[in-house]
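As structure tokens, the structure follows; a few thoughts come after it.
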Amino acid sequence: MQPNFSSKTLWQELKGLARLWPYLRPYRLLIVWGALLVPIISFLQSWRPFIMRRAVDDGITPGNYSVLINTAILFSIAVIFEYGARSAQSFFTALATHRMVRDLRSKLVTHVLRLPASFHDKNMSGALVTRSTSDFDNLNESLNQGVLTAIIDFAVLLGCVIGMYLLDAKLATAMVVLLPLVGWLIVTFSKMLKSLMLATRKCLAELNGFAQECLFAHSTIKLLNASGDVTKRFDNLGKNFRDLQMKSVIIDAFLFSLLDGIAAISIGIIFWIVAVYVFELEANGITAGLLIAFAQYAQQVFEPLKQLGNKVAMLQGAFTAIDRIFGLLDEREEVSGAMAPQNLKGHVRFEDVSFAYQSDRLILKNLSFDLPAGTSTALVGATGSGKSSTIKLLTKMYSGYTGRIFMDQFELAEVDNQQLRKLIGIVPQDIALFKGSVAFNISLGHPDVSPDQIKEAAALVGADKFIEQLPQKYDSNINEQGSNLSHGQRQLIAFARALARQPSLIILDEATSSIDPDSEQLIQTATEKLLKDRSVIIIAHRLSTIQRCDRILVLQDGQIVESGNHTELRKAGGAYAKLQAKLAKGESLEPDAART
Amino acid sequence: MKSFHRRFVFHLWPWYLAGFVALIGTTYITLEIPNLAKKIVNAVDSRNFDQANLKHLALVIIVLGVAQIFIRSLSRVFIFWPGRQLEMNLKNFLFGRLMRLPESFYSQYAMGDLISRIANDVGHIRVFYAFGLLQFLNLGLLLVFAISMMLKIHVMLTIVVLAPLLLMLVVSKVIMPKMHELYNINQAVVGNLTNRITEAYVNVHVIKANAAEQTFLDSAEVENRAVYDINIKLLKLRMFFWPLLGSTHNLSILAVMFYGGYLVIHKQISVGDILALNLYVTLLAFPLTAIGIVLGIWPRAKSSIKRIGVIDEAVEEASFVPNAPTQTSGPVLRVHNLSFCHGEHRVLQNLSFEIREGERIGIFGPVGSGKSTLFNLIARIHEPPKGTIFVCGQDVLEIPPEELRNKVGFVEQSAQLLSMTIRENMELGLGRAVSDDEAKAALVGAQIYDEIMSFPAQWHTQIGEKGVRLSGGQKQRLALARFFLRQPKLLILDDILSAVDHSTETSLINHIFSTKSAALIASHRVSALKECDKVIILSSDGEILACDRFATIQKMKPHLLPQEEVDDAT
């Protein structure tokens with residue numbers, strides 16, 4: 001983000017730019033065409049003052065009409081061709097960058113979805129969205145408006161300088177001496193402006209953020225009689241913003257005026273030199289035509305510099321965007337196995353599995369268990385006991401454990417991740433619904449899930465009743481995050497989703513937060529149905545659910561402390577009996593159930 | 001509109017005046033330089049000069065060039081400053097109003113829309129009153145003076161020279177709206193893409209778990225291609241339009257050179273005039289072609305003024321009987337025959353009940369039974385019908401809102417905290433300083449003191465994006481602590497006990513009952529309801545099914561009470 005010119009050398013930055021090449025390669029012909037046009041544009045533009053000089057000195061002053069007409073035709077040709085060349089040049093290069101951005105974005109989005117869960121747990125989705133959207137817009141804009149036009153500007157500048165020297169070396173030198181000075185002024189002021197603008201943007205973000213927050217909290221603010229307090233705070237933020245803005249306005253005004261006035265000053269300087277050598281005009285070949293041509297150059301030569309500050313910032317922007325996009329592309333995708341079993345029975349076996357998120361603290365310690373196919377198992381235990389981690393390893397969301405995990409006869413590491421997850425139906429704690437129809441939310445677009453399977457799955461969990469009552473049944477649209485459905489209904493859709501693919505194993509992560517009684521009822525019934533004759537693993541919080549499972553594994557600190565069915569374990573009077581007593585009192589097993 | 005100008009713009013006139021004067025200076029200098037250059041060229045051309053005079057002329061050009069830089073800077077600063085000032089005043093004004101507008105106003109507008117009015121619309125207005133005005137004045141001065149100078153040189157030549165620029169004006173008048181339209185489509189399409197990608201990334205775990213990556217990649221790709229397509233359309237328009245700006249300028253110069261050259265040969269103008277005209281054309285080229293852009297600024301600002309007018313004209317909440325005498329007699333809360341509809345939907349039906357000083361009432365009902373609506377009516381977030389809700393014996397409609405909310409402390413289910421420190425959040429709107437002891441007592445009472453003290457900066461910890469993220473339960477308890485500082489006559493808790501464990505719940509209830517406030521507590525939990533003096537049971541249609549002591553209801557109508565998890569154990 002920071003406008004940092006020093007931390008990375010220009011060379012390194014350019015190497016970053018080179019990483020775009022593989023994506024530009026398919027469109028290299030466009031780039032070549034665009035590049036070929038650049039010297040033509042430069043030539044046509046710097047040629048015009050020559051025509052003007054000839055028109056004045058050989059046509060107008062001596063009163064020669066044929067020269068005047070000839071030069072007029074040449075001038076027209078130069079103007080028309082320049083228009084054509086500029087249009088075509090910007091079209092070719094922009095077409096190439098647009099296509100590259102399209103391809104690269106596609107690649108990035110695919111890549112992000114393939115990054116392991118451990119990556120997504122550590123990174124905010126908002127930042128990743130920015131990488132995939134506005135960073136590309138910045139890149140596109142920076143390349144088109146910044147890098148590519150900078151190349152043309154440079155070529156035009158070069159053309160003008162050459163043209164001026166061809167006209168008159170002494171006067172040309174006077175102008176060329178001014179160039180670096182002006183360039184330096186522009187870059188310096190632009191840098192100041194840039195850092196001010198960054199500060200301003202931050203301030204604006206704060207101002208808008210606060211406004212947004214207060215608007216969302218407007219009723220709370222009213223209930224607290226706090227309108228006055230927050231308004232005062234907003235006023236202060238607004239004042240900060242105005243003051244910062246004014247600073248940039250002052251610098252910007254000066255920069256703008258400088259660029260506006262510099263052409264006039266340089267004309268003055270040239271004319272002064274002319275005045276000094278005025279008695280040797282003939283010897284120096286100084287004519288009215290030459291002066292007019294130079295005045296024309298004076299207007300042209302500073303033109304490319306006007307945007308120099310912006311261009312530098314744009315170039316920075318392009319580098320930043322490239323850094324961020326490729327930084328993300330450099331992240332390793334999740335490791336997958338090659339085996340793709342078409343069907344599984346759902347026999348799960350853990351052998352001496354140990355696992356840690358960070359190297360220092362083991363979450364699972366030599367965990368071993370064997371869950372026969374077709375049975376239901378409840379995992380119980382306090383937060384941090386390793387229930388969720390067990391599931392994460394089983395679905396290959398996390399890797400990097402020691403020991404071995406088997407699904408039927410396959411060792412998990414060797415199985416293809418996507419294929420494995422197709423065969424496992426998961427109902428997570430937090431239900432995610434997507435914009436789209438009910439049917440889409442159940443099938444999630446899997447081509448092998450037929451409409452009948454969708455209905456079947458819905459019927460199985462008892463979701464069919466409310467779906468049939470929706471205006472367009474299975475084609476009814478679900479709002480963002482399912483706000484037009486009740487909590488229970490949302491949960492049922494998640495159940496149906498897990499069942500629709502007719503998975504070999506079902507994993508259910510029961511919600512801890514308390515919900516309204518109606519929804520509770522719906523879910524209880526669905527859970528019961530789910531448990532019958534299937535391979536099921538449940539992270540369970542409700543006593544009623546736990547009781548119905550064939551087998552209970554009690555986890556504590558990443559180890560199994562007890563296993564057996566409800567009756568056996570209750571009799572044993574151990575850890576489970578204690579947990580059960582807590583549950584019966586209505587207390588939660590989770591010490592932090594308060595967190596929602 | 002008139003009142004808008006009177007209130008926000010007119011008093012800034014000294015700035016605008018100073019800017020205008022500076023602009024006149026700038027215009028004078030800008031037009032004087034070609035005049036001087038012309039003299040030099042003519043002298044060179046005629047080989048008839050006085051060196052000292054030429055040097056003097058050249059020096060004057062340089063000096064004027066330098067002076068121009070400063071005077072032009074001033075003109076921009078003078079005109080942009082009031083624009084910024086206007087923006088600030090307007091934002092502050094609108095924000096202040098928004099904070100005092102009633103819920104009924106907010107329900108009419110999407111939040112994003114309101115924010116856009118404060119941020120974008122005010123921005124559009126500022127652009128007109130700064131950049132727009134500057135361009136407008138600048139263009140006006142240039143047109144009048146530059147064209148009159150040109151006309152002085154040669155009338156017909158002036159017309160020929162300006163023709164291409166005017167043509168460009170017409171072209172841009174046609175192209176600009178198209179470009180705008182495409183920009184808008186582009187924005188919308190980019191929005192779709194962002195939404196698609198956001199949905200996929202936010203739910204990446206679910207998508208992975210269901211092996212549904214391809215589905216979401218495909219839908220993102222559709223939007224990605226749509227973005228590309230619209231970009232190409234824009235590109236085609238741009239590649240036609242932008243180079244044309246430079247080309248029309250060159251066409252004007254063509255006219256100067258060759259028609260002008262013809263006139264020089266015929267001795268109607270001088271060679272120096274050609275240079276002067278060249279410079280005038282360059283001065284006019286940009287402002288004249290930009291006139292389309294400048295003219296587009298005003299309609300946009302005008303519609304923005306209209307859009308913010310909505311906020312300006314909305315009626316602030318107030319008591320309907322201003323200066324009604326304050327009553328202190330009567331029960332803390334009396335609800336009398338209250339029925340309420342959300343649009344067509346009937347939420348509450350014929351509710352009547354009373355809460356006396358110090359009394360604690362529990363309230364239970366399924367989702368949609370209208371509890372939250374009832375609370376919002378009591379605190380007058382929603383407007384109740386006249387004569388239905390009385391606080392301390394007075395119709396809430398007659399109590400000034402601020403005073404009402406001093407009496408009634410309503411802790412919403414999703415109470416909001418602002419991105420400030422914990423302590424600042426507690427003191428928000430309190431209107432007095434709070435001692436450390438007092439703050440501590442409130443936090444202890446809300447059962448959140450230890451958690452807060454475990455943060456590195458304790459109660460000076462920043463909340464929100466830049467600081468700690470509190471859990472939902474922590475937020476609710478902190479919101480509750482705010483009201484322990486206020487000690488309202490009536491404390492209303494909207495289901496804020498559901499997110500805490502049972503022992504915390506017990507301590508919370510004990511603390512609430514130890515204060516002097518009467519309380520109205522919505523809960524799903526038997527353990528909480530049991531402690532209340534009375535329990536109101538609402539049906540899903542918003543009717544009172546029972547209003548009695550818990551024990552009585554348990555005995556007479558146990559089916560009305562929530563199912564306790566205890567039942568499972570047996």
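When reading the values below, keep in mind they use all heavy atoms of this one structure, side chains included, and skip hydrogens, waters and symmetry mates. Predicted, not measured: the structure shown is a model, and the values here were computed from it. The chains referred to below are lettered A, B, ... by the order of the sequence lines, with proteins before strands, and numbering in each begins at 1.
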* Hey, is CH2 on A/Trp272 packed in by over 12 heavy atoms from elsewhere, all under 6.0 Å? -> no

* To do: Using modelled atom types only, decide if a donor and an acceptor are shared between the side chain of B/Thr215 and the backbone of A/Leu444 within a distance under 3.5 Å.
  => yes

* Please report the closest heavy-atom contact between A/Ala217 and B/Leu418, naming both atoms and the distance. => CB-CD2, 4.0 Å

* Just wondering, do A/Tyr83 and B/Phe240 contact through their side chains at under 4.5 Å, heavy atoms? -> yes

* Asked: Is it the backbone or the side chain of B/Leu430 that comes under 4.5 Å from a heavy atom of chain A, or both, or neither?
  -> backbone

* Asked: Between the side chains of A/Asn225 and B/Arg405, does any donor sit under 3.5 Å from an acceptor?
  -> no

* Do you know which of B/Asp45, B/Val204, B/Asn42 has the most heavy-atom pairs with chain A at a distance under 4.5 angstrom? -> B/Val204

* Asked: With respect to chain A, which residue among B/Ile29, B/Asn89, B/Ile118, B/Val206 yields the maximal number of heavy-atom pairs within a distance under 4.5 Å?
  -> B/Val206

* Answer with side chain, backbone, both or neither: which region of B/Ile381 has an atom nearer than 4.5 Å to a non-hydrogen atom of chain A? => side chain

* Where do A/Val276 and B/Lys55 land on the side-chain contact (heavy atoms from CB on, under 4.5 Å) test, with the steps shown first? -> CA-CA 7 Å; A/Val276 170; B/Lys55 275 190 184 168; 3.7 Å; yes

* To do: Could you check A/Phe271 against B/Val44 for side-chain contact (heavy atoms from CB on, under 4.5 Å), going step by step and ending with a plain yes or no?
  => CA-CA 10 Å; A/Phe271 285 13; B/Val44 168; over 6 Å; no

* To do: May I ask you to decide if A/Leu113's main-chain N or O and B/Lys208's side chain share a donor-acceptor pair within less than 3.5 Å?
  => yes

* **4.5 Å side-chain heavy-atom contact, A/Arg242 and B/Trp81** => yes

* To do: Answer with side chain, backbone, both or neither: which region of B/Tyr106 has an atom nearer than 4.5 Å to a non-hydrogen atom of chain A?
  => side chain

* Structure fact -> Turns out that what part of B/Leu428 lies under 4.5 Å from chain A's heavy atoms comes down to both

* To do: Against chain B, label A/Arg48 side chain, backbone, both or neither, depending on which of its atoms sit under 4.5 Å from a heavy atom there.
  => side chain

* Just wondering, do A/Phe241 and B/Glu87 contact through their side chains at under 4.5 Å, heavy atoms? -> yes

* Measure B/Pro102 against the heavy atoms of chain A and call it side chain, backbone, both or neither at under 4.5 Å. => backbone

* To do: Indicate the atoms forming the closest heavy-atom contact of A/Ala295 with B/Leu275, along with that distance.
  => CB-CD1, 3.4 Å

* Apply side-chain contact (heavy atoms from CB on, under 4.5 Å) to B/Met99 and A/Lys222, showing your working. => CA-CA 8 Å; B/Met99 286 299 105; A/Lys222 265 180 228 135; over 6 Å; no

* Indicate whether the side chain of B/Asn210 and that of A/Arg497 have a donor and an acceptor atom separated by less than 3.5 Å. => no

* **Winner by heavy-atom pair count (cut-off under 4.5 Å) against chain A, out of B/Lys236, B/Arg72, B/Gln214, B/Arg100** => B/Arg72

* Heavy-atom distances under 4.5 Å only: say whether A/Phe91 touches chain B with side chain, backbone, both or neither. => both

* Asked: Could you state the interatomic distance from CG (A/Asn64) to CD1 (B/Ile265), rounded to the nearest 0.5 Å?
  -> 7.5 Å

* Evaluation steps, side-chain contact (heavy atoms from CB on, under 4.5 Å), between B/Ser247 and A/Glu82 -> CA-CA 8 Å; B/Ser247 299; A/Glu82 194 191 325; 5.9 Å; no

* Asked: Is it the side chain or the backbone of A/Gln89 that comes within 4.5 Å of chain B heavy atoms, both, or neither?
  -> neither

* Please state whether the side chain, the backbone, both or neither of B/Tyr228 comes within less than 4.5 Å of a heavy atom of chain A. => side chain

* What is the distance from atom CG of B/Leu244 to atom CZ of A/Arg86, rounded to the nearest 0.5 Å? -> 12.5 Å

* Structure fact -> Among B/Leu101, B/Val411, B/Asn231, B/Val408, the residue with the most heavy-atom pairs under 4.5 Å to chain A is B/Asn231

* Does A/Arg105 pair with B/Glu221 as a salt bridge, N-O distance under 4.0 Å? -> no

* Validation row: B/Glu213, A/Arg114 side chains within 4.5 angstrom (heavy atoms) -> no

* To do: Can you tell which part of B/Glu427 gets under 4.5 Å to a heavy atom of chain A, answering side chain, backbone, both or neither?
  => backbone

* Asked: Where the side chain of B/Gln51 meets the backbone of A/Ala275, is there a donor-acceptor pair that is under 3.5 Å apart?
  -> yes

* Contact summary for B/Ala211 and A/Gln418, nearest pair of heavy atoms -> CB-O, 3.4 Å

* Structure fact -> Closest heavy-atom pair, B/Gly65 versus A/Ala264, reported as atoms and distance to 0.1 Å, is CA-CB, 4.4 Å

* **Atom group of B/His56 that falls short of 4.5 Å from chain A, counting heavy atoms** => neither

* Grab the two heavy atoms, one from B/Met239 and one from A/Ser90, that are nearest each other, plus how far apart they are. => CB-OG, 3.6 Å

* To do: Measure the shortest side-chain to side-chain distance between B/Leu279 and A/Gln299 over non-hydrogen atoms and say whether it is less than 4.5 angstrom.
  => yes

* Are any of the side-chain heavy atoms of A/Phe210 and B/Met420 separated by less than 4.5 Å? -> yes

* Structure fact -> Cut-off 4.5 Å, heavy atoms of chain B, and the answer for A/Thr110 is both

* To do: Counting only heavy atoms closer than 4.5 Å, note whether B/Ile33 contacts chain A via side chain, backbone, both or neither.
  => side chain

* Asked: Have A/Ser219 and B/Glu412 got a donor and an acceptor in their side chains that come within less than 3.5 Å?
  -> yes

* **Nearest-0.5 Å distance, CD of residue B/Gln68 to CD1 of residue A/Ile265** => 8.0 Å

* Please state whether the side chain, the backbone, both or neither of B/Met257 comes within less than 4.5 Å of a heavy atom of chain A. => both

* Considering only heavy atoms, which portion of B/Ile71 lies under 4.5 Å from any heavy atom of chain A: side chain, backbone, both, or neither? -> neither

* Asked: Rounded to the nearest 0.5 Å, how far does CG of B/Leu98 lie from SG of A/Cys214?
  -> 10.5 Å

* **Heavy-atom proximity to chain A below 4.5 Å, by part of B/Arg84** => both

* **Geometric class of the B/Phe70/A/Phe254 ring pair [parallel <30°, tilted 30-60°, perpendicular >60°]** => tilted

* Asked: Taking the inter-plane angle between the rings of B/Phe95 and A/Phe234 on a 0 to 90° scale, is it parallel (under 30°), tilted (30 to 60°) or perpendicular (over 60°)?
  -> parallel

* Which one, B/Arg196, B/Arg238, B/His266, leads in non-hydrogen pairs under 4.5 Å with chain A? -> B/His266

* **Minimum heavy-atom distance A/Ser257-B/Ser73, with the two atoms named** => OG-N, 3.1 Å

* **Toward chain A, the part of B/Val63 with a non-hydrogen atom under 4.5 Å** => neither

* Asked: Is there side-chain contact between A/Val129 and B/Thr194, with at least one heavy-atom pair below 4.5 Å?
  -> yes

* Structure fact -> The interface call for B/Asn278 against chain A, heavy-atom contacts under 4.5 Å, is side chain

* Would one find more than 12 heavy atoms of other residues, nucleotides or ligands at under 6.0 Å from atom OH of B/Tyr262? -> no

* Minimum side-chain heavy-atom gap A/Thr220-B/Arg482 below 4.5 Å -> yes

* **Residue among B/Asn224, B/Ile253, B/Val77 with most heavy-atom pairs under 4.5 Å to chain A** => B/Asn224

